[in-house]
Each structure stands twice: as C-alpha cells, then as structure tokens.
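What follows is a structure written as structure tokens; I'll ask about it next.
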2 protein chains.
Amino acid sequence: MSVTIKDVAKKAGVSPSTVSRVLSNHPRISAATSRKVREIMEEMGYHPNMMAKSLVSKTTKSICVILPKPAEELFLNLFFMELIRGIVAQAARSGYDVLISSGANEAEEVEAVARLVNGRRVDGAVLLYSRKDDPVVEFLQEREFPFVLVGRSERHPDILSVDTDNVQAAYDAARHLISLGHERIGFVGGPPNMVVSIDRMNGYRKALEEANLPLRQDWIVEGEFLQDSGYQAMSLLMNLPERPSGMLVVDDFVTFGVIRGLNELGYRIPQDLSIVSFNNLAVAELSSPPISSVDIGSYQLGYTASQTLIHTVETPRGERMPVRHIIAHRLIVRESSLFSPINNI
Amino acid sequence: MSVTIKDVAKKAGVSPSTVSRVLSNHPRISAATSRKVREIMEEMGYHPNMMAKSLVSKTTKSICVILPKPAEELFLNLFFMELIRGIVAQAARSGYDVLISSGANEAEEVEAVARLVNGRRVDGAVLLYSRKDDPVVEFLQEREFPFVLVGRSERHPDILSVDTDNVQAAYDAARHLISLGHERIGFVGGPPNMVVSIDRMNGYRKALEEANLPLRQDWIVEGEFLQDSGYQAMSLLMNLPERPSGMLVVDDFVTFGVIRGLNELGYRIPQDLSIVSFNNLAVAELSSPPISSVDIGSYQLGYTASQTLIHTVETPRGERMPVRHIIAHRLIVRESSLFSPINNI
DNA sequence: TTGAAAGCGCTAACAT
DNA sequence: ATGTTAGCGCTTTCAA
C-alpha cells in the first residue's frame, strides 16, 4: 500500500530509527544522511502516518470545538462562523487540526465531547459559550481535560477562558446613547440563561444608574426574539405612554427582528428609536439603516482561544495556568444611532 | 495511565482478543463472557483508544470539510454554517467525526487538505463549493481520494456530488416574477468564477427567453456586491431610461446590499422593484421587507453530502459510483415580491 | 552518529 | 468459544 518509514529506510540503506530521527530533526544526525533520507522520502512520496505517530506520542495534534445546539440561539450562527474561522486559522498555524462536534441537546453534547475525550482523539477542547450551568464544562473540569471557554462561567470563574468584557461593552454602548442626549433607554436581551445576556444587561444597568436615568422594567425585553415575538414586543414597547428613545439590543440578528417590527409599525430609525447593537456581524453594515454595533472581534476571540488552548495543552500539567483573556471591543457607530433627541425637542 | 484492553482482559481473566471481540460484537462469543467483560469495562472506566484502532483498521472514522477562503465570498458564511450543521449531524449519526480545515488562499487550501489526506487522518472529504477550476478537486481526483462536492464541477461532471438544480431554481424564481406580470427583470449575480453564479444566471436567461422577454445586458450585474459597489450598481441600474421592475439576486446577503442601496436612493420594495433572492437564510425572514427567497435546503445539502460521502467511503473501491444528488428547492414568497406591476399601470 | 529491539493499544488470522 | 501470535507505522531507550 502506502509507503512507510521502513520502505524509506530500506531504500536509503539506513535503519527506520534514523529515518524517524531525520523526520523529527534530531540533533545528532549527520547532515549527509539527513539530506539523503529527505531526498528519498520526496522521491518515494513518503508522508508520515499521523495515527501511528499519535499512538506512540500520546498526542493527537488536534483540538475540538463544541458547537452549541442551534435551536434557541440560531441567531449566533454568523458569530460562530467567524469564531471558527479564527480557531481554524490559528490551529493550522500551530500545526493542529480542528474537529467540530455538536449535539441536538445538552446530553448529546456531553456525549459527543465524551466520545472525543475518552477515545483520546483530541488534546483539548474549545467551548463556544456558556450557559449558567453547563454540563460540558462540568464534564471537562472533572476529567481535568484541557479546555478553553469562549465566554465566562459563573460557577467556575477561574477557568481558562477568552472573553469580551461584556459589562463594559454594554456600558460603552449605553454611554454612547446617553452622550447623544437620550434619557429613556431600553434593552433587548437574549436568552436569560446565557452569561452574555446577563453581562450586557448589567453593563446597561450600570450606565443608566450612573447617569441617574430611569431604569424601567417595561423597557427591558428578554428572550427569543426573532420573528413574531419581536413584532409583539416592539408593539408593546412603543405603545407605552412613556416610550424609550434609544435601545440596546443584544445581537445584530435580534436587531433585525426589532427593526422589522418597527418598520411594520411605521416607526423610523433612528428618529423614533435609536439602536445600538452588539457583535458587529457582516449584516450590521448591510442593514437599512446600517446598525451601530459593538465589534467584539469574533475572529480574534477564536484565534486567541485556539492559541491559549494549544499553549496549555503543550504545557506540562503542573505548570498550567487558568488565565482569562479579555479581547478589546469597540463601538462602530452607524446610522441606526446617528440621531440626537435633544435637537428634536 | 489510561486503562487498556489488556488491563480489562487481565481483570476479567480472559485474553485481550476476547475483549476486542466483545467490543466489536463478534458473533461467536458467549453471552456470559460478553456480559462479564462489559461489566469490567464499565467498572474500570475503559474506553477504546481510537488511534490504536485506526492504525490497525486503516480507517479513521472521520471526514473533513474544506472551508473555502472567506475573502470574496464572505456572504456565504451563514450558508456554510447551516451546511456544516447538516454535515456534522449526519456524520455523528454514522459514527464519524468531522475535521474542519481551510486556507487563506487556494494554495493553502490544497496544502491543508493534502496534510489531512497524506497523513491519513481522514477517510473522505467534503468540498463546500466549486470554482470553475478548483485545484482541490484536481488534487483529490488525482489521488482517487473519496470526496463529495457540494455544488457542481464543470470540468468533472461525473463526480460524487450533492447540489441544487440552480438552473431550475432560478428559472422558477423568474417564472414567479413573470407570473406576477413583470416584463422587465434584472439579475444580480455573484462572483462569475463560481459555478452557482453561472447556473442561476442561465436559469434566469432561460425563463426570460421562453417568455419572450427582453434580456438586457445592462440589467445584469455581476460580482462582489456588499457595500459601496452595491449602492453604485443600484444607482446605475435604477437611473436607466428603462429600468427593471423585478430582479433576481443570487444570495440573501447580497440582497441586503441591494435593499440598502435602494433605500438610500429612496426606492420602495416591492413597489419600485420586486426582488426574489436565493438560499433563504435566516436573515431573509428578518429583513424589512422580508425577502422572497428560494430555499435550497442548506442543512439538507450538508446532511446528504455527509451521507453519500460516508456511504462511498464504506463501499469497496471498485463498486463506488459517482452519483449526483439533487436536493429539492422551493420558493418562499414573502413581501419583497408581493406586488404586481400590472395593477399598477 | 547510527542500529536493534521493544512497545504504543488494538485487531485478525490461525490454532485449539 | 477462546487463546496465541503477529503485526499496523511509528518513537525511543539502550548499545555499539
């Protein structure tokens, strides 16, 4: 079949171990033999069998990323894709392959990652976000299996992770609206069991409190928000006797639902409602009007996650450190918030 | 370290091969020993080492998917994500893992897939689309390595592939506009080196010719189309003395660019221009107005691709057949095309 | 600097 | 129905 290290050895007139040494750039190998062996490898079209290598080295040179179940967070798909691109790009640079896995529900997710971990098919894992109590985190934590969390775990604050400072990001977004003169600011959140929703909500609260602005519960909408519910929520919100003039929305996709609802109700953006969103996905720029959004560097998040994970994997167990990386965010101002209510009064 | 087949054998008082047989449900094994061995495996927390298994079985139980470089087709990201979900879900069902790989350019893409193929890390590959001359296709074809193409190869029509009938899809979309009374229909395509762009353009042409409608070159726009260029193209198009009343747009994301351009120019959709798009991504429904789009079953495409690939991989070389699967599409009519120019005259 | 030999964890003839 | 043996392709002591 396929050409092996033995074949190369035979043809080169050396022992298999010598060929192996050439392969791994062993220091004590003569330049002459090295050159010759390489020549023959080239000539015979030799490529090392990674499985055999893995078996003996007890390392797979690959990591996996666990894709959360789609159902309730489908709007994150684009975010995930950019994240994955970052992960894959960095991993390739470090000579690692990326396995991608998912499950239809939490139990299946654990099952999938268990298969990979138990079967020793990967050296580490990337978790793409965190619910408040994530069984995958528990599983990995218990096994002491190397993993990095893109996001934050409330239960395990001292875990290797890469994250946005979502509190600060939301704070900044709110400040932007406040500085434009908005005094009535609402918030549209995501699923309340996701840490990111909670953090962004807290940043929003903090900014409003600090500015002595009213924090009204009926200006806060939580949960799934794509189609009908978005329309209804908007309808409710805008029909209040006192309605907000500005709004923070947890994700660009959700913003689409919001904008659609507002359009159907005949409201204009940003004149009737100014919007600032999060994630700055490609769609934010293409929306009408283009959406102001906090860029959280999705690609960078993935890239850094892969980097820290691989670094950890390659560090001896005892010396590993559960660092927490924060990736800088920045607000991209576009038309959806380019309006000052002050001049309008 | 980790518990092996030998440890289990010893504790169970049987030979390693017996344990192996239990593992693979060998028929000639007594129910008693099977039960006992399984018990001990459970008790000791045994999990087979997939690398060792791979080494001897010469099969990895994994496939890879090659993610095209992002630059010029970034608008396909959402489509890819749904595709990947389909692939991953099906592969998991068949007991396969999915490796994901990419490159910054065509050369790197080939390099990445070569690494996986040469290193015998995967049993098959999924290619997520096809340029007119795809070096990855050439590479795989030459090696006789099992792969499935999501899309169509002009050079190699007899390749294992899963695809939409894009000609028919575009034909149907055009017919929809024609049946509403549109007689001046334009087309906004994607990168002209992608087979999908070509096919959809041809379906568009066919429908117009068949209906004896004018096929005007200045109603056809090709190429990158996201931000500024979209605005400019729209501006040009709508300023023609005779401008189209309906338009086919090659992808929902591109449609966003188009809609934004039209909005800025003060045109209304669908009254001034009716639009039908392709892919029916989650965003189509969230747009204002919601976009009529041809659903091509992205998830299903991925699912089927994975299925046929794995089927092929598990079929002896000689009996493999380069079948071509066509996944059904269907037009989802939404507001962006809900307008008949006839009543308006 | 190189070779010989043992073994990573598993499977698959070939025996019994 | 089960055990014995010989590898899969590679790395890594230990010797030379």
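Computed from a predicted structure; not experimentally measured. Just so we're on the same page: letters track the sequence lines, and every chain starts at 1.
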Quick check for you: among C:dG3, D:dT4, C:dC10, whose closest atom lies nearest to any side-chain atom of A:Thr18?
C:dG3
List the residues meeting side-chain hydrogen bond (donor to acceptor under 3.5 Å, both in side chains) with B:Ser161, not counting sequence neighbours, and say none if there are none.
B:Arg324
Residue A:Lys6, side-chain heavy atoms: nucleotide from D:dT2, D:dT11, D:dC8 that is nearest
D:dC8
Of A:Lys53 and B:Ser15, the one whose closest DNA chain D nucleotide lies more 5'
B:Ser15
Output the residues of residues 31-50 of chain A in contact with DNA chain D, where contact means a heavy atom of the residue under 4.0 Å from an atom of the strand; sort by number or write none.
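Listed by number, they are A:Tyr46, A:Pro48, A:Asn49.
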Got a sec, which residues hit side-chain hydrogen bond (donor to acceptor under 3.5 Å, both in side chains) with A:Ser62, two or more places apart in sequence or on another chain?
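In terms of side-chain hydrogen bond (donor to acceptor under 3.5 Å, both in side chains), with neighbours along the sequence ignored, A:Ser62 is linked to A:Thr60, B:Arg121.
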Would you give me the side-chain donor-acceptor pairs under 3.5 Å for residues 4-14 of chain B, sequence neighbours excluded?
residue	atom	partner	partner atom	Å
B:Thr4	OG1	B:Lys6	N	3.1
B:Asp7	OD2	B:Thr4	N	2.8
B:Lys11	NZ	B:Glu43	OE2	3.4

List, with names and distances, any nitrogen or oxygen atoms from the protein found under 3.5 Å away from nitrogen or oxygen atoms belonging to nucleotides 12-16 of chain C.
residue	atom	partner	partner atom	Å
C:dA13	N6	B:Arg21	NH2	3.1

Run the side-chain contact (heavy atoms from CB on, under 4.5 Å) test against B:Val323 and tell me which residues pass, sequence neighbours left out.
B:Leu160, B:Met321, B:His325
Axis-to-axis angle across the helix from C:dT1-D:dA16 to C:dT16-D:dA1, five pairs an end, to 10 degrees?
40°
Protein-nucleotide distance (B:Lys61, atom NZ; C:dT11, atom C1'), rounded to Å
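Distance, rounded to whole Å: 15 Å.
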Could I get the full list of side-chain contact (heavy atoms from CB on, under 4.5 Å) partners for B:Arg120, not counting sequence neighbours?
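By the side-chain contact (heavy atoms from CB on, under 4.5 Å) rule, B:Arg120 matches A:Ser2, A:His47, A:Asn49.
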Please give, in whole Å, the distance from C:dT1 C1' to A:Asn25 CG?
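After rounding, the gap between these two atoms is 16 Å.
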Apply side-chain contact (heavy atoms from CB on, under 4.5 Å) to A:Val110 and list each qualifying residue two or more places apart in sequence or on a separate chain.
A:Pro135, A:Val136, A:Phe139
5′-ward residue of the pair A:Pro27/B:Val19 relative to DNA chain C
A:Pro27
5'-most by nearest nucleotide on DNA chain D - B:Val14 or A:Ser2
B:Val14
In whole angstroms, how far is the C1' atom of D:dC10 from the NZ atom of A:Lys58?
13 Å
Within 6.0 Å of NE2 in B:His311, more than 12 heavy atoms from elsewhere:
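For B:His311, atom NE2 is not crowded (no more than 12 foreign heavy atoms under 6.0 Å).
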For D:dG9 and A:Thr4 - does any side-chain N or O of the residue sit under 4.0 Å from the phosphate oxygens OP1/OP2?
no
Results of side-chain contact (heavy atoms from CB on, under 4.5 Å) for B:Glu142 - residues two or more places apart only
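So B:Glu142 forms no side-chain contact (heavy atoms from CB on, under 4.5 Å) with any residue.
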Interatomic distance where CG belongs to B:Leu55 and P belongs to D:dT11 [whole Å]:
12 Å
With a cut-off of less than 4.0 Å, is there a side-chain N or O of B:Ser30 near OP1 or OP2 of D:dT2?
yes
Can you tell me the distance, in whole Å, between the CE atom of B:Met51 and the P atom of C:dT11?
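In whole Å, C:dT11 P lies 14 Å from B:Met51 CE.
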Please answer whether the main-chain N or O of B:Ala104 pairs with a side-chain N or O of B:Glu108 as donor and acceptor at a distance below 3.5 Å.
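Answer holds: yes.
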For B:Glu106, all residues meeting side-chain hydrogen bond (donor to acceptor under 3.5 Å, both in side chains), sequence neighbours excluded
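Checked B:Glu106 against side-chain hydrogen bond (donor to acceptor under 3.5 Å, both in side chains); matches are B:Arg131.
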Does B:Arg143 have any side-chain hydrogen bond (donor to acceptor under 3.5 Å, both in side chains) partners at least two apart in sequence or in another chain, and if so, which?
B:Asn118
